[in-house]
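Following: one structure in structure tokens, then a few remarks.
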Amino acid sequence: MTPSNQELITGSEALMLALKAEGVETIFGYPGGSIMPVYDALYDYTRGERKAFDHILVRHEQGATHAAEGYARVSGRVGVAIVTSGPGATNTLTGVADAMIDSTPIVVIAGQVPISALGTDFFQEVDLVGVAQPISKWSYQIRHAEDIAWAVSRAFYIARSGRPGPVVLDFPKNAQTERVEFKPAKVDFVRSYVPYPKVDDAAVRAAAELINHAKKPLALVGQGVELGGAQQELLAFLEKADIPAGRTMLGLCALPSTHPLNVGMLGMHGNYAVNLKEQECDVLIAIGMRFSDRVTGSLKTYAKQAKIIHLDIDKSEINKNVKADVAVVADCKESLPAITALLSKADHSVWRESFKPLDEMERTKVIEPAIHPTEGPLLMGEVVNAVAEATKGDAVLVTDVGQNQLFATRYFRYPKTRSLCTSGGLGTMGYGMPAAIGATFGAPDRTVCCFMGDGGFQMCIEELGTIMEQQAPVKMILLNNNYLGNVRQWQDMFWQRRKSFTRMMNPCYELVAQGYGIPYEAVTDRKELDGAVAKMLATKGPYILECAIKEDDDVFPMTPPGMSVNEMQLEVGE
């Protein structure tokens with residue numbers, strides 16, 4: 001055999017070439033001892049003639065994963081984070097778990113001690129593959145440089161295909177420094193992994209039959225529609241069969257807010273009519289959603305009157321929480337058109353009209369008082385509404401977790417796809433600011449508005465350093481009520497108003513902003529709100545707008561935990 005004349009390169013440079021082959025342009029990371037060879041190679045690939053990547057230095061490894069998530073959510077591409085071993089790697093695990101439950105494609109590459117030192121309690125050694133395995137789609141240790149091209153290609157294929165999710169690559173230092181002849185790899189098949197199941201024609205026919213005979217059909221639309229790029233297929237399906245559709249929190253961008261068949265948000269703090277109508281419909285069609293407990297309320301009483309059709313790409317979601325009468329396991333971009341072709345043109349106007357009195361009740365009792373108050377302190381709903389109106393539906397909404405998330409997702413507008421980044425299944429406080437940073441790189445042509453409470457803001461406050469360095473144009477709206485507001489609301493409603501450790505002593509956020517060189521304004525009077533929002537949006541680069549919010553501002557409607565969705569309350573003590 002004739003020896004190759006190709007130059008041998010280090011495993012670290014092979015990683016650069018493998019990432020470049022996957023189309024990676026942006027990397028979020030934080031260097032350390034066990035990943036230094038990679039960062040040395042990265043130096044040459046972030047400048048000069050070999051420039052291939054923008055590297056964003058975060059201030060905490062958890063921030064790297066959330067930034068990668070935000071980037072992935074708005075761009076539709078795989079987000080990438082690079083960190084060191086030990087605490088650097090374990091700091092990413094919250095983001096990995098968040099990405100897993102919310103189906104967000106990211107690849108985390110973590111340094112590791114040399115394989116000769118594994119199992120010796122070497123400095124900053126952690127069994128990352130072992131701890132990441134239950135919360136990722138795939139975790140793998142690249143033990144030798146010759147495996148890098150294959151492992152990276154496989155990681156990106158698994159992360160982005162089928163139901164997306166996180167992949168973790170553990171990269172021992174010896175593999176980073178070994179020399180190898182780089183040969184590009186392209187993985188598009190993994191034995192026993194079937195990311196796109198074949199559409200079952202019998203299931204499609206059974207689903208169409210149920211829908212054609214339905215008198216009161218209701219669709220529940222989840223993020224799977226957006227992840228599958230099936231928004232147009234969804235519209236064709238809904239419009240032909242005249243089916244009203246509710247959206248999960250993560251599915252809010254799957255159907256434009258203004259579409260006449262959109263009947264609101266599902267869930268514990270969703271819209272009143274659609275939640276009650278789940279208990280009245282005769283056929284319930286779940287599309288790319290997982291029947292979260294926050295959607296179903298008590299499973300003992302959930303939609304017992306309805307025939308259930310469940311469309312999902314992930315077979316493990318079928319019958320996991322709610323038993324399906326018909327299951328169509330496939331990509332909804334394929335299953336929806338297959339069902340639509342068999343549907344009769346329908347008119348369910350009487351059924352759809354029955355939602356309107358309930359909608360009007362919610363508008364009168366909840367929405368108008370929340371977004372157009374006339375007296376008292378500022379409310380979260382009116383701040384969100386002011387920003388939503390000023391951005392005219394063009395902005396990306398990023399939220400932290402808590403009341404800020406619930407008010408923001410309820411009152412923002414979603415005319416465009418990929419316009420929402422929020423932590424749904426894991427409910428990760430501290431997600432907002434780093435995810436917003438990632439979103440500015442994933443959608444540089446769009447305004448990114450990040451709503452945070454004072455609790456979540458302080459959980460990720462170090463990422464103001466990243467925003468400062470990058471001048472990332474994150475418009476930060478701090479809804480400050482001096483409480484961990486969501487927990488406080490539950491304490492008031494269910495724990496005899498015993499506010500156990502939920503009141504916050506906060507710093508002077510003006511001085512914090514000044515320290516990071518970020519423009520800042522505080523609003524305490526609603527007469528100042530519109531002008532302050534306009535100034536924020538007109539200011540180039542980052543901005544912090546602090547709004548002094550009523551301390552006991554509560555989110556309604558609400559289905560109390562453990563109760564049926566038709567027991568949703570429009571106000572306290574209802």
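Hydrogens, waters and symmetry mates play no part in the numbers below; they use all other heavy atoms, side chains included.
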Self-check item: Flag, side chain of Asn262 to backbone of Ser257, donor-acceptor distance under 3.5 Å
Solution: yes
Exercise. For side chain to side chain contact (heavy atoms under 4.5 Å, CB included), just list the numbers for Leu250 and Asp102, CA-CA rounded to whole Å, side-chain angles, deciding distance to a tenth of an Å, and then say yes or no.
Key: CA-CA 8 Å; Leu250 292 184; Asp102 282 354; 3.4 Å; yes
Quiz item: Between the main-chain N or O of Pro87 and the side-chain N or O of Asn91, is there a donor-acceptor pair closer than 3.5 Å?
Solution: yes
Quiz prompt | Inter-residue atom distance Phe407.CZ - Glu382.CD, 0.5 Å rounding | solution = 10.5 Å
Quiz prompt | Distance in Å, Met265 CE paired with Arg410 CZ, rounded so as to fall on 0.5 Å steps | solution = 6.0 Å
Quiz prompt | Nearest-0.5 Å distance that lies between atom CG in Leu420 and atom CD in Gln405 | solution = 8.5 Å
Quiz item: Is it true that a side-chain atom of Glu226 and a backbone atom of Arg418 form a donor plus acceptor pair closer than 3.5 Å?
Solution: yes
Quiz item: Is the side chain of Lys475 donor-acceptor paired with the backbone N or O of Thr539 at a distance under 3.5 Å, no angle test?
Solution: yes
Practice problem: Would you confirm whether Asp553, through its side chain, and Met380, through its main-chain N or O, come within 3.5 Å as a donor-acceptor pair? | Solution: yes
Quiz prompt | Given Arg413, Lys416, Arg446, the one that forms salt bridge (charged side-chain N to carboxylate O under 4.0 Å, His left out) with Asp394 | solution = Lys416
Quiz item: Distance-only, no hydrogens or angles: does the Lys51 side chain make a donor-acceptor pair with backbone N or O of Phe53 under 3.5 Å?
Solution: yes
Quiz item: Under the side chain to side chain donor-acceptor pair (under 3.5 Å) test, which residues partner Glu360, sequence neighbours left out?
Solution: Thr364
Quiz prompt | Heavy atoms of other groups near Lys499 NZ, more than 12 under 6.0 Å | solution = yes
Practice problem: Indicate the atoms forming the closest heavy-atom contact of Leu570 with Phe556, along with that distance. | Solution: O-CB, 3.5 Å
Exercise. Might you point out which heavy atoms bring Gly442 and Ser75 nearest each other, and give the distance in Å?
Key: O-CB, 3.6 Å
Quiz item: Are any side-chain N or O atoms of Thr84 and backbone N or O atoms of Ser34, one a donor and one an acceptor, separated by less than 3.5 Å?
Solution: yes
Quiz item: Would the number of heavy atoms belonging to other residues, nucleotides or ligands and lying under 6.0 Å from CZ of Phe501 be above 12?
Solution: no
Quiz item: Do you see a donor-acceptor pair shorter than 3.5 Å between the side chains of Tyr520 and Glu546?
Solution: yes
Exercise. Taking Arg77 for its side chain and Gly23 for its backbone only, find out whether a donor-acceptor pair lies under 3.5 Å.
Key: yes
Quiz item: Under 4.0 Å between a Lys/Arg side-chain N and an Asp/Glu carboxylate O for Arg488 and Asp492?
Solution: yes
Exercise. Examine the side chains of Tyr39 and Gln176 and answer whether a donor and an acceptor come within less than 3.5 Å of each other.
Key: no
Self-check item: pair Val74-Val448: side-chain heavy atoms closer than 4.5 Å
Solution: no
Quiz item: Quick one: does Glu362's side chain get under 4.5 Å of Pro557's, heavy atoms only?
Solution: yes
Quiz item: Checking Asn480 side chain against Cys547 main chain: does a donor-acceptor pair fall under 3.5 Å?
Solution: no
Self-check item: Trace of the salt bridge (charged side-chain N to carboxylate O under 4.0 Å, His left out) decision for Glu463 with Arg59
Solution: CA-CA 6 Å; Glu463 295 308 329; Arg59 298 307 189 260; over 6 Å; no
Quiz prompt | Gap separating the CG atom of Leu252 from the CG atom of Leu266, nearest 0.5 angstrom | solution = 9.0 Å
Quiz item: Of the non-hydrogen atoms in Ala155 and Leu169, which two are nearest, and what is the gap between them?
Solution: CB-CD1, 3.9 Å
Quiz item: Is a side-chain donor or acceptor of Asn275 paired with a backbone partner of Asn271 at a separation under 3.5 angstrom?
Solution: yes
Self-check item: Aromatic plane relationship, Phe412 with Tyr414 - under 30° parallel, 30 to 60° tilted, over 60° perpendicular
Solution: tilted
Quiz prompt | Under 3.5 Å side-chain donor-acceptor pair for Ser103 and Arg163 | solution = yes
Quiz item: Do Thr399 and Thr422 have side-chain atoms, one donor and one acceptor, less than 3.5 Å apart?
Solution: yes
Quiz prompt | Residue pair Gly381 / Tyr411: nearest heavy atoms and the distance that separates them | solution = CA-CD1, 3.9 Å
Quiz item: How far does OG1 of Thr409 sit from CZ of Arg247, to the nearest 0.5 angstrom?
Solution: 10.0 Å
Quiz item: If you round to the nearest 0.5 Å, how far is OG of Ser292 from CE of Met249?
Solution: 9.5 Å
Quiz item: So does Tyr30 have more than 12 non-hydrogen atoms from other groups sitting under 6.0 Å from OH?
Solution: no
Practice problem: Answer yes or no: does atom CE of Met493 have more than 12 heavy-atom neighbours from other residues, nucleotides or ligands under 6.0 Å? | Solution: yes
